[in-house]
Amino acid sequence: MILILKKKTLRVEADELLSRLQWMNLRGILTEENGQFHLAIVSGEDERIDFQQFVNLPQVEAMVPFTQKFKLAGMESKKQRSLVSIKDCCIGGDNLIVMAGPCSIESEEQIDRTALAVAAAGATILRGGAFKPRTSPYDFQGLGETGLKYLQRAAARHHLLSVSEVMDSQEVDLIASYVDILQIGARNMQNFTLLQHAGRTGKPILLKRGMAATYVDFLMAAEYILQTGNPNVILCERGIRTFETYTRNTLDLAAVPILHELSHLPVIVDPSHGTGIRQFVPPMAYAAVAAGADGLMIEVHPDPEKSYSDASQTISFETFAEMMKRIRILETALRFS
Ligand code: PEP
Ligand code: MN
């Protein structure tokens, strides 16, 4: 149920109502839209609650039931699009946001050179994995905290924000102390404990779609983060497993308009993991922009062939710069069309 509070309700009154719900063992999430408070009651045991009691409260204007399972990620609790703002960067607004960098941070020089190149080409967020989810335990697992230090320094030097993956609840606070955005990878999309731990940091969370996740599964995973009270969730389509084996994954670009219809959260696309093949990264990036993506995540390396991980899908500085030029043209064309 969503309690829509009267326009003149003050924040103290809304907070008081929220505490009253807590006292009744109900979980409420308070949001403000067009100067009006909405109090979403998101407890699971809806059937056992007599919601009628809320309708008569003086602050309540209306009560609307949830019809979707994804209560906070869906459009029922929030009609306006969510903007995830970090410093002067706004994800989900009018500008396409590009996150770029190597799959794994390999050395300070590698991440610094990449930061310089991607910043010059127009990226605003530097990506780099320090704790890597590798299919084989014998493959490079990342530089850990040392890698995060390199990432933080490179991002600061080149005026970029940073994003890195967190794989384990125990590492959440450590990683959160170095980066601006916490990435939850496809393999962990349904690691609900991790989602909650990451959510509680209050940091923006880049949530990647699981390789076998439906849109509802994906939005329910986002729900785990949102119900911690952290509204800063960015959805990332990165390809799903299908019968097609030519590409690493099948990039589901229909996810962009569909998730935009189902949810107010920003949606970005990762054509690097989505295709697994470098020559297909730029065309699928253009297609993602045309489909309305709020941003892109691209794997870039000074010497792509020598990448410690995901070499086959990693593009060079030159390809990245060329791709960015075309994306800017495309964006302008779309804006005026
Ligand atoms: C990555 O971004 O390097 C990564 C491991 O992504 P995914 O979780 O989408 O496979
Ligand atoms: Mn990768």
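Whatever order the structure lists ligands and atoms in, that order sets their numbers, starting from 1.
Between Tyr246 and Phe280, the ring planes lie tilted relative to each other; the angle falls in the 30° to 60° range.
Near ligand 1, residues Cys103, Arg127, Lys132, Pro133, Glu165, Gln183, Gly185, Ala186, Arg187, Lys208, Arg238, His273, Glu299 each place a heavy atom inside the 4.0 Å sphere around the ligand atoms.
Side chains of Glu299 and His273: a donor on one and an acceptor on the other come within 3.5 Å. When only modelled atom types and interatomic distance are considered, His260 and Asp294 share a side-chain donor-acceptor pair under 3.5 Å. Ser104 and Ser309 are linked by a side-chain donor-acceptor pair at a separation below 3.5 angstrom, with hydrogens and angles left out of the test. Neither side chain, Gln68 nor Glu76, offers a donor N or O lying under 3.5 Å from an acceptor on the other. At a cut-off of 3.5 Å, with distance as the only test, a side-chain donor of Asn34 or Gln80 sits close to an acceptor on the other residue.
A salt bridge between Arg153 and Asp112 is absent, with no side-chain N of the basic residue lying under 4.0 Å from a carboxylate O of the acidic one. A salt bridge links Glu305 and Arg278; the closest N-O separation between the charged side-chain nitrogens and carboxylate oxygens is under 4.0 Å. Glu108 has no carboxylate O lying under 4.0 Å from a charged side-chain N of Arg113, or vice versa, which leaves the two without a salt bridge.
Listed by chain and residue number, the protein N/O/S atoms under 2.8 Å of the Mn ion (ligand 2) are Cys103 SG, His273 NE2, Glu299 OE2, Asp310 OD2, with waters left out.
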